Amino acid sequence: MPTSDHPASDHPASDHPASDHPASDHPASDHPAPGPVVGADWLAARLGEPGLVVFDASVGAHRAAARRIPGARPFDLDGALSDHAAAAPHTMPGAAEFTEALRSLGLDDTDTVVVYDGAGVYSSARAWWMLRAMGFDRAAVLDGGLPAWTAAGLPVEDGGPRYEGPRGSFTARPRPGLLIDAEEVAAALADPAAAVLDARTRERFEGTAPEPRPGLRGGHMPGAVSLPFGELQRPDGLMRPAAELRAAFEATAGDRERLRFSCGSGVTACVLALGADLAGYRDLAVYDGSWSEWGLPSPLRPVATGPAPAPAGAGGSAEDDRPDLQPL
(Lines give C-alpha, C1' and ligand atoms only; values in the text may rest on other atoms or scores of the structure.)
Protein backbone atom coordinates (compact mmCIF):
# COMPACT_ATOMS: atom_id res chain seq x y z
CA MET A 1 0.00 0.00 0.00
CA PRO A 2 1.62 3.31 -0.99
CA THR A 3 2.10 5.77 1.81
CA SER A 4 3.69 9.11 2.36
CA ASP A 5 7.47 8.70 2.78
CA HIS A 6 7.50 10.84 5.86
CA PRO A 7 9.12 9.24 8.92
CA ALA A 8 7.06 8.61 11.99
CA SER A 9 7.28 11.07 14.86
CA ASP A 10 8.51 10.08 18.29
CA HIS A 11 4.90 9.75 19.45
CA PRO A 12 3.17 6.35 19.40
CA ALA A 13 2.28 5.24 15.88
CA SER A 14 -1.28 4.59 16.98
CA ASP A 15 -1.75 8.28 17.69
CA HIS A 16 0.06 10.06 14.89
CA PRO A 17 0.38 9.72 11.12
CA ALA A 18 3.38 8.09 9.52
CA SER A 19 5.09 11.18 8.14
CA ASP A 20 8.49 12.76 7.81
CA HIS A 21 6.79 16.04 8.53
CA PRO A 22 6.75 16.87 12.24
CA ALA A 23 3.40 17.04 13.95
CA SER A 24 1.97 20.52 14.32
CA ASP A 25 3.09 22.33 17.45
CA HIS A 26 -0.37 23.75 18.06
CA PRO A 27 -2.15 22.71 21.27
CA ALA A 28 -3.79 19.29 21.24
CA SER A 29 -7.32 18.53 22.41
CA ASP A 30 -8.58 15.52 24.33
CA HIS A 31 -7.17 13.07 21.81
CA PRO A 32 -4.08 13.46 19.62
CA ALA A 33 -4.52 15.50 16.46
CA PRO A 34 -2.77 14.61 13.21
CA GLY A 35 0.12 16.57 11.79
CA PRO A 36 -0.31 18.78 8.72
CA VAL A 37 -0.50 15.76 6.40
CA VAL A 38 -1.58 12.14 6.83
CA GLY A 39 -1.07 9.21 4.52
CA ALA A 40 -3.77 7.06 2.97
CA ASP A 41 -2.95 4.22 5.35
CA TRP A 42 -3.43 6.47 8.38
CA LEU A 43 -6.86 7.56 7.19
CA ALA A 44 -7.90 4.06 6.13
CA ALA A 45 -7.14 2.72 9.62
CA ARG A 46 -9.42 5.33 11.21
CA LEU A 47 -12.13 5.88 8.62
CA GLY A 48 -15.58 5.79 10.21
CA GLU A 49 -14.37 6.38 13.76
CA PRO A 50 -16.48 8.80 15.83
CA GLY A 51 -15.03 12.28 15.77
CA LEU A 52 -13.19 11.85 12.46
CA VAL A 53 -14.60 14.02 9.66
CA VAL A 54 -13.44 13.71 6.06
CA PHE A 55 -13.95 16.69 3.74
CA ASP A 56 -13.69 16.67 -0.05
CA ALA A 57 -12.44 20.13 -1.12
CA SER A 58 -12.21 19.40 -4.86
CA VAL A 59 -12.80 22.24 -7.31
CA GLY A 60 -13.68 22.47 -10.99
CA ALA A 61 -13.86 19.24 -12.96
CA HIS A 62 -12.64 17.23 -9.97
CA ARG A 63 -15.61 18.43 -7.96
CA ALA A 64 -17.92 16.97 -10.59
CA ALA A 65 -16.34 13.52 -10.35
CA ALA A 66 -18.91 10.97 -9.21
CA ARG A 67 -16.86 9.24 -6.52
CA ARG A 68 -15.67 10.01 -3.02
CA ILE A 69 -13.87 8.53 -0.06
CA PRO A 70 -16.62 6.81 1.95
CA GLY A 71 -18.46 9.31 4.11
CA ALA A 72 -16.72 12.39 2.70
CA ARG A 73 -18.57 15.67 3.16
CA PRO A 74 -18.39 18.65 0.75
CA PHE A 75 -16.03 21.51 1.60
CA ASP A 76 -17.26 23.59 -1.32
CA LEU A 77 -14.71 26.26 -2.20
CA ASP A 78 -16.73 27.16 -5.28
CA GLY A 79 -19.91 27.49 -3.21
CA ALA A 80 -20.72 28.26 0.43
CA LEU A 81 -17.10 28.34 1.58
CA SER A 82 -16.18 31.43 -0.42
CA ASP A 83 -17.51 34.96 -0.12
CA HIS A 84 -19.32 35.55 -3.41
CA ALA A 85 -19.96 39.20 -2.56
CA ALA A 86 -16.21 39.87 -2.73
CA ALA A 87 -14.57 41.04 -5.93
CA ALA A 88 -11.92 38.29 -5.94
CA PRO A 89 -12.85 34.60 -6.30
CA HIS A 90 -12.36 32.20 -3.40
CA THR A 91 -12.31 35.01 -0.84
CA MET A 92 -12.53 33.80 2.75
CA PRO A 93 -16.06 34.20 4.15
CA GLY A 94 -16.65 35.99 7.43
CA ALA A 95 -16.55 34.18 10.74
CA ALA A 96 -20.34 33.95 11.05
CA GLU A 97 -20.74 32.56 7.53
CA PHE A 98 -17.86 30.13 8.03
CA THR A 99 -19.34 28.94 11.32
CA GLU A 100 -22.73 28.36 9.72
CA ALA A 101 -21.26 26.48 6.76
CA LEU A 102 -19.21 24.15 8.96
CA ARG A 103 -22.05 23.56 11.43
CA SER A 104 -24.29 22.62 8.50
CA LEU A 105 -21.65 20.00 7.62
CA GLY A 106 -21.84 18.53 11.12
CA LEU A 107 -18.42 19.66 12.33
CA ASP A 108 -17.85 19.84 16.09
CA ASP A 109 -15.01 21.74 17.75
CA THR A 110 -13.61 18.47 19.13
CA ASP A 111 -13.58 16.63 15.79
CA THR A 112 -10.47 15.70 13.84
CA VAL A 113 -10.58 16.60 10.15
CA VAL A 114 -8.86 15.11 7.12
CA VAL A 115 -9.36 17.05 3.91
CA TYR A 116 -8.55 15.83 0.40
CA ASP A 117 -9.19 16.74 -3.21
CA GLY A 118 -9.50 14.84 -6.46
CA ALA A 119 -6.36 16.32 -8.02
CA GLY A 120 -3.88 15.38 -5.30
CA VAL A 121 -2.64 18.14 -3.01
CA TYR A 122 -4.21 21.12 -4.72
CA SER A 123 -7.34 22.77 -3.35
CA SER A 124 -7.35 20.67 -0.16
CA ALA A 125 -4.54 22.81 1.24
CA ARG A 126 -6.85 25.85 0.95
CA ALA A 127 -9.45 24.16 3.18
CA TRP A 128 -6.74 23.23 5.69
CA TRP A 129 -5.45 26.81 5.83
CA MET A 130 -8.97 28.25 6.14
CA LEU A 131 -9.68 26.00 9.11
CA ARG A 132 -6.42 27.07 10.71
CA ALA A 133 -7.18 30.75 10.05
CA MET A 134 -10.51 30.24 11.82
CA GLY A 135 -8.85 28.76 14.89
CA PHE A 136 -9.26 25.05 14.13
CA ASP A 137 -5.95 23.14 14.30
CA ARG A 138 -7.24 19.59 14.34
CA ALA A 139 -7.04 19.23 10.57
CA ALA A 140 -4.69 17.52 8.12
CA VAL A 141 -4.39 17.21 4.36
CA LEU A 142 -4.52 13.72 2.85
CA ASP A 143 -1.12 13.34 1.21
CA GLY A 144 -1.62 12.70 -2.50
CA GLY A 145 -5.38 13.16 -2.20
CA LEU A 146 -7.87 10.89 -3.90
CA PRO A 147 -5.29 9.65 -6.47
CA ALA A 148 -3.11 8.28 -3.65
CA TRP A 149 -6.17 6.77 -1.96
CA THR A 150 -7.25 4.90 -5.09
CA ALA A 151 -3.66 3.91 -5.95
CA ALA A 152 -3.55 2.17 -2.58
CA GLY A 153 -6.59 0.11 -3.58
CA LEU A 154 -8.79 1.71 -0.94
CA PRO A 155 -12.58 1.90 -1.35
CA VAL A 156 -14.56 4.74 -2.88
CA GLU A 157 -18.30 5.41 -3.00
CA ASP A 158 -20.30 6.40 -6.04
CA GLY A 159 -21.52 9.98 -6.08
CA GLY A 160 -20.01 13.24 -4.94
CA PRO A 161 -19.49 14.34 -1.34
CA ARG A 162 -22.65 14.90 0.65
CA TYR A 163 -23.89 15.30 4.20
CA GLU A 164 -27.38 14.92 5.60
CA GLY A 165 -26.67 14.42 9.30
CA PRO A 166 -27.15 16.60 12.37
CA ARG A 167 -25.68 20.08 12.71
CA GLY A 168 -22.37 20.48 14.46
CA SER A 169 -21.15 22.78 17.23
CA PHE A 170 -18.13 24.31 15.47
CA THR A 171 -17.41 27.96 16.23
CA ALA A 172 -14.94 30.02 14.20
CA ARG A 173 -12.29 31.83 16.23
CA PRO A 174 -10.45 33.94 13.66
CA ARG A 175 -6.69 34.35 13.91
CA PRO A 176 -5.59 37.70 12.52
CA GLY A 177 -2.58 37.58 10.23
CA LEU A 178 -2.94 34.19 8.56
CA LEU A 179 -4.88 35.70 5.65
CA ILE A 180 -3.59 39.11 4.59
CA ASP A 181 -4.62 41.91 2.21
CA ALA A 182 -2.83 43.89 -0.50
CA GLU A 183 -1.49 46.51 1.92
CA GLU A 184 0.09 43.84 4.09
CA VAL A 185 1.62 42.22 1.00
CA ALA A 186 3.05 45.57 -0.08
CA ALA A 187 4.61 45.92 3.38
CA ALA A 188 6.12 42.44 3.08
CA LEU A 189 7.59 43.29 -0.33
CA ALA A 190 9.38 46.22 1.31
CA ASP A 191 10.55 44.16 4.30
CA PRO A 192 14.05 42.67 3.90
CA ALA A 193 13.16 39.99 6.46
CA ALA A 194 10.14 38.80 4.46
CA ALA A 195 9.68 36.96 1.17
CA VAL A 196 6.58 36.96 -1.04
CA LEU A 197 6.38 33.68 -2.95
CA ASP A 198 4.12 33.23 -5.98
CA ALA A 199 2.66 29.74 -6.54
CA ARG A 200 1.52 30.30 -10.15
CA THR A 201 3.35 28.78 -13.10
CA ARG A 202 6.60 30.45 -13.98
CA GLU A 203 5.12 31.56 -17.31
CA ARG A 204 2.27 33.40 -15.61
CA PHE A 205 4.73 34.91 -13.14
CA GLU A 206 6.91 36.18 -15.98
CA GLY A 207 3.94 37.45 -17.96
CA THR A 208 4.64 35.23 -20.97
CA ALA A 209 1.42 33.22 -20.51
CA PRO A 210 -2.01 34.86 -20.31
CA GLU A 211 -3.93 34.99 -17.08
CA PRO A 212 -7.02 32.72 -17.10
CA ARG A 213 -9.24 35.48 -15.73
CA PRO A 214 -10.14 38.41 -17.99
CA GLY A 215 -9.00 41.92 -17.15
CA LEU A 216 -5.86 40.97 -15.25
CA ARG A 217 -2.39 42.21 -16.12
CA GLY A 218 0.34 39.64 -16.71
CA GLY A 219 3.45 39.42 -14.58
CA HIS A 220 4.20 39.58 -10.88
CA MET A 221 4.63 41.89 -7.91
CA PRO A 222 8.03 43.62 -8.02
CA GLY A 223 10.19 41.87 -5.46
CA ALA A 224 8.16 38.66 -5.37
CA VAL A 225 9.82 35.33 -6.18
CA SER A 226 8.49 32.38 -8.13
CA LEU A 227 7.91 28.98 -6.55
CA PRO A 228 5.26 27.05 -8.52
CA PHE A 229 3.33 24.85 -6.11
CA GLY A 230 4.01 21.68 -8.10
CA GLU A 231 7.69 21.91 -7.25
CA LEU A 232 6.85 20.97 -3.66
CA GLN A 233 5.43 17.63 -4.77
CA ARG A 234 6.99 14.40 -5.94
CA PRO A 235 6.09 12.91 -9.34
CA ASP A 236 3.58 10.62 -7.60
CA GLY A 237 1.74 13.64 -6.14
CA LEU A 238 2.87 13.24 -2.54
CA MET A 239 4.47 16.16 -0.74
CA ARG A 240 8.25 16.10 -0.79
CA PRO A 241 10.13 15.17 2.41
CA ALA A 242 10.72 17.96 4.89
CA ALA A 243 14.41 18.37 4.07
CA GLU A 244 13.65 18.76 0.36
CA LEU A 245 10.89 21.24 1.11
CA ARG A 246 13.23 23.29 3.30
CA ALA A 247 15.81 23.29 0.52
CA ALA A 248 13.25 24.50 -2.02
CA PHE A 249 12.24 27.42 0.18
CA GLU A 250 15.82 28.33 1.03
CA ALA A 251 16.77 28.28 -2.65
CA THR A 252 13.95 30.72 -3.33
CA ALA A 253 13.69 32.85 -0.19
CA GLY A 254 17.22 32.56 1.15
CA ASP A 255 17.44 32.85 4.92
CA ARG A 256 14.18 34.77 5.29
CA GLU A 257 11.80 33.11 7.72
CA ARG A 258 8.80 35.44 7.26
CA LEU A 259 7.01 33.97 4.25
CA ARG A 260 3.96 35.36 2.45
CA PHE A 261 2.22 33.41 -0.32
CA SER A 262 0.23 34.41 -3.38
CA CYS A 263 -1.21 32.64 -6.43
CA GLY A 264 -4.14 33.28 -8.77
CA SER A 265 -7.02 33.30 -6.27
CA GLY A 266 -5.58 32.31 -2.88
CA VAL A 267 -5.96 28.55 -3.36
CA THR A 268 -2.64 27.06 -4.51
CA ALA A 269 -0.81 29.64 -2.37
CA CYS A 270 -1.98 27.41 0.47
CA VAL A 271 0.02 24.49 -0.98
CA LEU A 272 3.09 26.66 -0.39
CA ALA A 273 1.85 27.40 3.13
CA LEU A 274 1.44 23.67 3.74
CA GLY A 275 4.91 22.93 2.40
CA ALA A 276 6.46 25.71 4.49
CA ASP A 277 4.70 24.44 7.63
CA LEU A 278 6.02 20.95 6.95
CA ALA A 279 9.51 22.40 6.41
CA GLY A 280 9.44 24.03 9.83
CA TYR A 281 8.58 27.65 9.01
CA ARG A 282 6.16 29.31 11.39
CA ASP A 283 5.71 32.96 10.32
CA LEU A 284 3.37 32.32 7.40
CA ALA A 285 0.49 34.14 5.73
CA VAL A 286 -1.57 33.79 2.54
CA TYR A 287 -2.63 36.76 0.40
CA ASP A 288 -6.36 36.11 0.10
CA GLY A 289 -6.97 38.30 -2.98
CA SER A 290 -3.79 37.09 -4.70
CA TRP A 291 -3.34 37.93 -8.39
CA SER A 292 -7.11 38.19 -8.89
CA GLU A 293 -6.83 41.41 -6.89
CA TRP A 294 -3.24 42.61 -7.41
CA GLY A 295 -3.40 41.98 -11.17
CA LEU A 296 -6.33 44.33 -11.71
CA PRO A 297 -5.38 47.65 -13.36
CA SER A 298 -4.26 49.96 -10.55
CA PRO A 299 -1.48 52.53 -10.20
CA LEU A 300 -1.22 51.52 -6.54
CA ARG A 301 -0.18 47.94 -7.35
CA PRO A 302 2.83 47.85 -9.67
CA VAL A 303 3.51 44.87 -11.90
CA ALA A 304 6.81 43.55 -13.24
CA THR A 305 7.36 41.14 -16.12
CA GLY A 306 10.22 38.96 -17.22
CA PRO A 307 12.08 36.12 -15.57
CA ALA A 308 13.04 35.94 -11.94
CA PRO A 309 15.92 33.81 -10.64
CA ALA A 310 14.78 30.19 -10.41
CA PRO A 311 15.89 27.76 -7.71
CA ALA A 312 18.50 25.26 -8.80
CA GLY A 313 16.93 22.29 -10.53
CA ALA A 314 13.53 23.94 -10.78
CA GLY A 315 11.11 22.62 -13.34
CA GLY A 316 7.57 23.51 -14.29
CA SER A 317 4.53 23.52 -12.10
CA ALA A 318 2.00 20.72 -12.04
CA GLU A 319 -0.28 23.13 -13.88
CA ASP A 320 2.07 23.01 -16.86
CA ASP A 321 1.78 19.27 -17.27
CA ARG A 322 -1.81 18.63 -16.19
CA PRO A 323 -4.55 20.24 -18.25
CA ASP A 324 -7.12 18.83 -15.81
CA LEU A 325 -6.02 21.37 -13.21
CA GLN A 326 -8.08 24.52 -13.06
CA PRO A 327 -5.68 27.52 -13.02
CA LEU A 328 -5.95 29.02 -9.52
Side-chain angles (χ1 to χ4, degrees), residues 1-9 13 15-24 32-49 51-60 62-63 65 67-77 81 105 107 111-132 136-157 160-163 229-230 232-242 245 267-268 270-275 277-278 318 324-325:
M1 175 184 298
T3 64
S4 169
D5 73 347
H6 312 139
S9 73
D15 290 340
H16 289 273
S19 171
D20 87 336
H21 303 315
S24 171
V37 297
V38 297
D41 54 348
W42 187 94
L43 177 58
R46 294 160 177 81
L47 194 65
E49 288 184 358
L52 179 66
V53 173
V54 179
F55 284 131
D56 184 331
S58 301
V59 295
H62 292 284
R63 178 157 188 77
R67 59 179 181 169
R68 65 170 185 167
I69 291 176
R73 307 176 192 182
F75 197 103
D76 189 359
L77 292 169
L81 284 158
L105 292 170
L107 183 66
D111 286 338
T112 294
V113 167
V114 175
V115 61
Y116 74 92
D117 66 71
V121 180
Y122 184 55
S123 50
S124 51
R126 171 69 179 184
W128 166 79
W129 191 254
M130 291 169 70
L131 286 162
R132 177 172 286 195
F136 187 91
D137 289 324
R138 305 181 56 73
V141 171
L142 177 61
D143 205 5
L146 188 61
W149 180 267
T150 56
L154 295 166
V156 295
E157 292 180 334
R162 57 191 177 273
Y163 181 72
F229 74 90
L232 302 187
Q233 299 171 3
R234 306 185 330 185
D236 61 5
L238 299 179
M239 296 296 290
R240 293 189 180 278
L245 291 170
V267 175
T268 55
C270 298
V271 179
L272 297 191
L274 176 65
D277 186 279
L278 297 171
D324 62 311
L325 291 184

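Small disclaimer: the values here were computed from a predicted structure and weren't measured.
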Of all heavy-atom pairs between Val38 and Ala140, which one has the smallest distance, and what is that distance? CG1-CB, 3.9 Å
I need the single residue from Val141, Val37, Val271 that forms a side chain to side chain contact (heavy atoms under 4.5 Å, CB included) with Trp128. Which is it? Val141
What one should report as the nearest heavy-atom pair of Arg68 and Gly160 is CD-O, 3.6 Å
CG-CH2 distance between Leu272 and Trp129, expressed to the nearest 0.5 angstrom: 11.0 Å
Any side-chain heavy-atom pair from Arg132 and Asp277 closer than 4.5 angstrom? yes
Is there a side-chain contact between Leu232 and Met239, using heavy atoms and a 4.5 Å cut-off? yes
Any heavy-atom pair between the side chains of Val114 and Leu52 that's under 4.5 Å? yes
Taking all atoms of both residues into account, what is the closest heavy-atom pair of Ser123 and Val267, and its distance? CA-CG1, 3.8 Å
Where at least one partner belongs to residues 144-156, residue pairs that pass salt bridge (charged side-chain N to carboxylate O under 4.0 Å, His left out), sequence neighbours excluded: none
Leu77 to Arg126 - nearest heavy-atom pair and separation: CD2-CG, 3.8 Å
In this structure, CG of Leu131 is separated from CZ of Phe75 (nearest 0.5 Å) by 4.5 Å
Give every donor-acceptor pair under 3.5 Å between a side-chain atom in residues 145-155 and any protein atom, sequence neighbours left out.
from: Trp149; atom 1: NE1; to: Pro155; atom 2: O; distance (Å): 2.6
from: Thr150; atom 1: OG1; to: Leu146; atom 2: O; distance (Å): 3.1
from: Thr150; atom 1: OG1; to: Pro147; atom 2: O; distance (Å): 3.1

If I compare all heavy atoms of Leu245 with all of Arg240, which pair ends up nearest, and what's the gap? CD1-O, 3.3 Å
Could you state the interatomic distance from CH2 (Trp42) to CG (Leu142), rounded to the nearest 0.5 Å? 10.0 Å
Return yes if some donor-acceptor pair links the side-chain N/O of Arg67 with the main-chain N/O of Val156 below 3.5 Å, else return no. no
For the backbone of Leu238 and the side chain of Asp143, can you confirm whether one donor and one acceptor N or O come within less than 3.5 Å of each other? no
Within the 4.5 Å heavy-atom criterion, are Glu49 and Thr112 side-chain neighbours or not? no
Least distance between heavy atoms, Phe136 atom then Val113 atom: CE2-CG2, 3.7 Å
Find the distance between CZ (Arg162) and CG (Leu105) and round it off to the nearest 0.5 Å. 13.5 Å
side-chain hydrogen bond (donor to acceptor under 3.5 Å, both in side chains) with Asp56: which residues, sequence neighbours excluded? Ser58, Tyr116
Hey, are the side chains of Leu274 and Pro36 touching, using non-hydrogen atoms and a 4.5 Å cut-off? yes
